[in-house]
Amino acid sequence: MASKDLLAALLASTLSPEVIPHDLTYHTKQRPPLSTRQREVLSLLAEGMMTSRIAETLGISETAVSQHFAKARKSLGANTRWHWPCLVV
């Protein structure tokens, strides 16, 4: 299997388990899909934004940003704040 297909499957698995190619499902751990807000928070974190700036950008509290991030990290199975990008790449 091409690494491009594997990367696409990994990224898709963070969005919805239904879009994972059938031949890859036995290799991937089924996780609950991320909410839209969780994906937004992760996207802004990936751009290098700090929690306060993300809160301002999304119009939510810093506590809400932290909670969305914590839930997304748990859904992805990441142990630390720096582990989650490795799981979606």
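Just so you know, these numbers use all the heavy atoms, side chains as well, and skip hydrogens, waters and symmetry mates. Note that the structure is predicted; figures quoted are calculated from it, not measured.
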When every non-hydrogen atom of Gln38 is compared with those of Leu34, the smallest separation belongs to OE1-CA, 3.3 Å
Sorted by chain and number, sequence neighbours left out, side-chain contact (heavy atoms from CB on, under 4.5 Å) with Glu40 holds for Thr36, Arg37, Leu58
The test is side chain to side chain contact (heavy atoms under 4.5 Å, CB included); show your working for Leu44 and Glu47 and say whether it passes. CA-CA 5 Å; Leu44 294 173; Glu47 291 177 17; 3.9 Å; yes
Non-neighbouring partners of Glu62 that pass side-chain contact (heavy atoms from CB on, under 4.5 Å), sequence neighbours left out: Thr51, Ser52, Ala55
Find the distance between NE2 (His68) and CD1 (Ile54) and round it off to the nearest 0.5 Å. 11.0 Å
